[in-house]
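Here the structure comes first, spelled out in structure tokens, and everything after it is commentary.
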Amino acid sequence: MNAARSTRLLWLAAIVLVVVGLVLGIQAEKAIRTTGQELTKLSVLSESLDRLAATDRQYLSARRELDALPPGRPPRLEVLLERALPGAAFDDGRESVSRVSEEWGLRQREVSLNRAPLEAVMAFAREAESCRPPWKLVSCIIRATAVAGQGDVVLTFESLERR
Amino acid sequence: MSSVRTAYGIDDLDGSVIAVRAELVRGRVVTSRIDLGSIPPAALAGTGGGCRAAMPVRQSFSHELQAPFARRARAIRVLPTLLDLELPFALDDCVYAFAEIRPAAGTTRALAVGSRTTAIVQRLEDLAAREINPLTLDHEGLALWAGSLRELPRGESEHGLRVMVRCGAGRSTVVVGSGARFRGAHSVRTGDVAQVGRLLRAYAGDGAGDAPPCEWVWAGNLEIPEAIAMQESLAAGQVGTRATLDDPAAFLARCLASRALQSRMLPCDLRSGRLTHPSVITRERRRLNAAAALFLAGGILLCGGSLLATGLAREQARVAENAFQARAQDVAGIDLGAARREYALSIVEAQLAERADALRPFADVFSPSLTEVLLSVLSIGKSESLQLQLLSVNRGEIMIQGVAGEWRGCDGLVDSLREAGYPVVLDRRDALEGERIPFTIRQ
């Protein structure tokens with residue numbers, strides 16, 4: 001092989017390699033861009049996953065905390081109502097108990113009060129929520145009456161109790 | 001040339017060979033006359049620094065051309081055609097070079113020098129007969145002019161002609177320049193003073209009368225009678241200064257050796273094309289090979305770097321994908337199989353939703369108290385003098401209807417609910433003057 005031919009071959013090889021390198025470079029750039037997009041997508045999915053996991057942890061933690069409590073039932077609402085609103089007339093609303101798990105049931109109780117002083121009603125709700133085990137106010141509808149500070153009230157309480 | 005530190009110049013004046021060695025010492029060229037025999041054979045053969053010879057003016061030509069273009073690249077394209085028109089023989093039969101190309105008032109001027117190929121071949125054969133294979137073949141006129149400026153510097157601003165005469169037995173070379181600019185080179189019969197006078201009057205633009213005042217520089221074989229007579233005759237009939245260079249016989253060889261080391265002015269090599277010295281071809285090929293090797297290395301680096309970058313990017317994606325998959329599996333608590341990304345997340349969601357339904361009552365026990373929200377609403381209603389007609393609150397939902405004393409009366413209540421996590425909107429209706437503003441707050 002003469003010198004001129006070897007120079008030509010060297011240049012040919014160099015050009016081929018540079019062209020291949022450029023093609024690979026373009027592919028690398030695309031791969032990097034695609035990876036960037038994939039990582040962004042995975043990051044968004046991971047955030048959703050973290051949110052789900054956090055909620056799940058919160059639920060499990062709540063369950064564990066309640067499991068640790070001694071068995072018992074919350075006081076009857078009539079007793080608490082009598083203390084907060086002595087002599088008040090109330091409609092004995094619906095009461096139901098549904099099964100949550102093998103050990104736990106969910107008691108739901110509705111209380112309707114007509115023309116009740118709202119401050120006293122709020123005091124009653126607060127006391128119901130502060131006893132152990134507690135009632136939890138899950139719904140409240142208040143309609144104003146002609147007298148200021150009074151209203152027709154429908155309260156719904158829930159309480160978890162061990163079966 | 002910068003890598004060359006020693007070069008040799010060779011001149012055959014009147015049948016004898018004169019050799020000069022030039023060395024680059026601390027950036028300066030130092031020349032010394034030597035015997036031909038003390039030149040290393042490699043240099044005589046043209047390798048290493050090599051030796052330089054010149055193409056005599058009587059066997060070559062020099063022409064100043066003017067291309068009507070200011071753009072150099074465009075001018076360069078037409079210069080060969082312009083030169084062809086000037087020559088009495090075909091340009092294809094010549095070896096030529098443009099020693100200088102410079103812009104001049106919207107045009108481009110070029111100095112072309114060259115010689116017939118047959119003359120160059122003959123010159124190389126003559127030198128080869130003396131076992132000299134010059135690395136480059138300079139143009140005698142350019143070498144003499146550049147050498148005269150090196151040894152007797154002359155500024156561009158110095159007007160008037162400089163006439164460089166190199167005498168030889170039979171023929172002499174006359175090189176004419178203005179300021180520091182080369183104008184032309186001619187071969188005259190030694191002692192032909194009239195011819196020299198005609199030439200000078202032509203350069204001065206005056207066809208008749210006396211020759212203009214000139215600066216005379218003498219070199220060559222000044223001891224032969226014709227040269228002595230020529231000097232005396234010109235000294236008697238011409239006005240101007242006169243200088244004789246040191247060792248005038250070796251002047252051309254000195255010029256050639258010096259130009260090999262520092263050839264910034266009017267560079268020229270008439271050994272080109274198929275007449276190029278083999279060592280120049282080899283050096284050029286080495287340079288090309290080195291450039292190709294560099295290019296090759298660049299290509300290899302580019303390939304390697306690209307493959308590495310692609311691999312790393314894909315690996316990073318794979319690691320992130322696996323990490324997500326493992327975490328999703330961990331959260332779901334089941335084997336997700338081949339499910340990936342959104343599908344895997346949907347399985348996790350479904351799995352946790354099932355568990356959440358069973359656990360939500362436990363979590364609700366610890367959720368914020370509605371009583372506190374009610375107390376806050378009633379308290380703000382009282383302080384802002386709102387008349388609340390209907391208040392309905394349950395987990396995550398709220399609706400309040402009422403009337404306010406002024407247009408912005410319920411803004412505080414809306415802000416408070418939003419802070420408590422209820423994304424409520426306020427709907428207000430216009431009222432007549434003196435009437436309260438009905439409003440509804442809902443999600």
Side-chain angles (χ1 to χ4, degrees), chain A residues 3-4 6-7 10-11 13-22 24-29 31-32 34-35 38-39 41-42 45-46 48-49 52-53 55-56 58-60 62-63 65-66 100-101 104 106 118-119 122 125-126 129 134 136-144 148 151 156 158 160, chain B residues 282 285 288-289 291-296 298-310 313-314 316-317 320-321 323-324 327-328 330-331 341-342 344-345 348-349 352 355-356 358-367 369-371 374-375 378 387-395 402:
Chain A
S6 67
T7 300
L10 195 61
W11 271 107
I15 289 167
V16 166
L17 261 178
V18 167
V19 169
V20 170
L22 285 174
L24 289 175
I26 292 166
Q27 281 181 350
E29 192 272 334
I32 289 167
T34 308
T35 300
E38 284 178 1
L39 291 179
K41 203 171 180 180
L42 279 171
L45 292 175
S46 291
S48 303
L49 192 62
L52 287 173
T55 307
D56 190 51
Q58 186 190 339
Y59 283 14
L60 286 171
R63 168 73 192 260
E65 206 167 315
L66 289 170
V100 174
S101 70
W104 293 89
L106 181 69
L118 295 180
E119 281 185 14
M122 288 300 108
R126 231 178 190 173
E129 285 194 324
K136 188 83 183 173
L137 181 65
V138 293
S139 167
C140 171
I141 299 169
I142 302 173
R143 285 181 194 283
T156 308
E158 277 181 3
L160 270 176
Chain B
T282 305
R285 180 159 297 124
L288 270 174
N289 284 353
L294 207 65
F295 215 49
L296 195 73
I300 290 169
L301 269 179
L302 198 57
C303 287
S306 301
L307 286 172
L308 187 69
T310 307
R314 287 185 181 151
Q316 199 180 2
E321 180 90 49
F324 174 78
R327 173 116 175 85
D330 183 43
V331 172
R341 301 188 184 189
E342 287 89 349
L345 186 67
V348 174
E349 270 174 338
L352 295 191
R355 196 151 72 199
L359 292 173
R360 190 167 291 114
F362 297 95
D364 285 345
V365 172
F366 298 96
S367 62
S369 168
L370 282 187
T371 310
L374 283 168
L375 282 168
L378 293 173
Q387 286 179 11
L388 305 181
Q389 292 160 349
L390 174 64
L391 170 57
S392 170
V393 186
N394 56 40
R395 283 194 187 112

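Lettering of chains follows the sequences in order, A, B, ..., and the numbering in each one begins at 1.
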Which one, [options], leads in non-hydrogen pairs under 4.5 Å with chain B?
| options | value |
| --- | --- |
| A/Val20, A/Leu160, A/Ile32, A/Val19 | A/Leu160 |
| A/Glu29, A/Glu119, A/Glu38, A/Arg63 | A/Arg63 |
| A/Ala28, A/Cys140, A/Ala144 | A/Cys140 |
| A/Ala148, A/Ala53, A/Gly151, A/Ser101 | A/Ala53 |

With a 4.5 angstrom heavy-atom cut-off, is it the side chain or the backbone of B/Leu378 that approaches chain A, or both, or neither? side chain
Tell me, for B/Thr282 versus chain A, whether the close heavy atoms (under 4.5 Å) come from the side chain, the backbone, both or neither. neither
Per-residue contact mode, [X] against chain B (heavy atom under 4.5 angstrom):
| X | value |
| --- | --- |
| A/Ile26 | neither |
| A/Leu45 | both |
| A/Ala4 | both |
| A/Leu137 | both |

For B/Phe295, check ring pair (Phe, Tyr, Trp, His ring centres under 6.0 Å) against everything at least two apart and list the hits. A/Trp11
Dump the intermediate steps for side-chain contact (heavy atoms from CB on, under 4.5 Å) on B/Leu302 and A/Leu24, then the final yes or no. CA-CA 8 Å; B/Leu302 198 57; A/Leu24 289 175; over 6 Å; no
Is there a side-chain contact between B/Val365 and A/Leu66 in this structure, where contact means two heavy atoms from C-beta onward sitting under 4.5 Å apart? yes
State, yes or no, whether a side-chain contact exists between B/Asp364 and A/Lys136 at a heavy-atom distance under 4.5 Å. no
Using the rule given for side chain to side chain donor-acceptor pair (under 3.5 Å), can you reason through A/Glu129 versus B/Ser369, listing the C-alpha separation, both sets of side-chain angles and the distance that settles it, and then say yes or no? CA-CA 8 Å; A/Glu129 285 194 324; B/Ser369 168; 2.4 Å; yes
Does the A/Lys41 side chain pair with the main chain of B/Glu342, one donor and one acceptor, at a distance under 3.5 Å? no
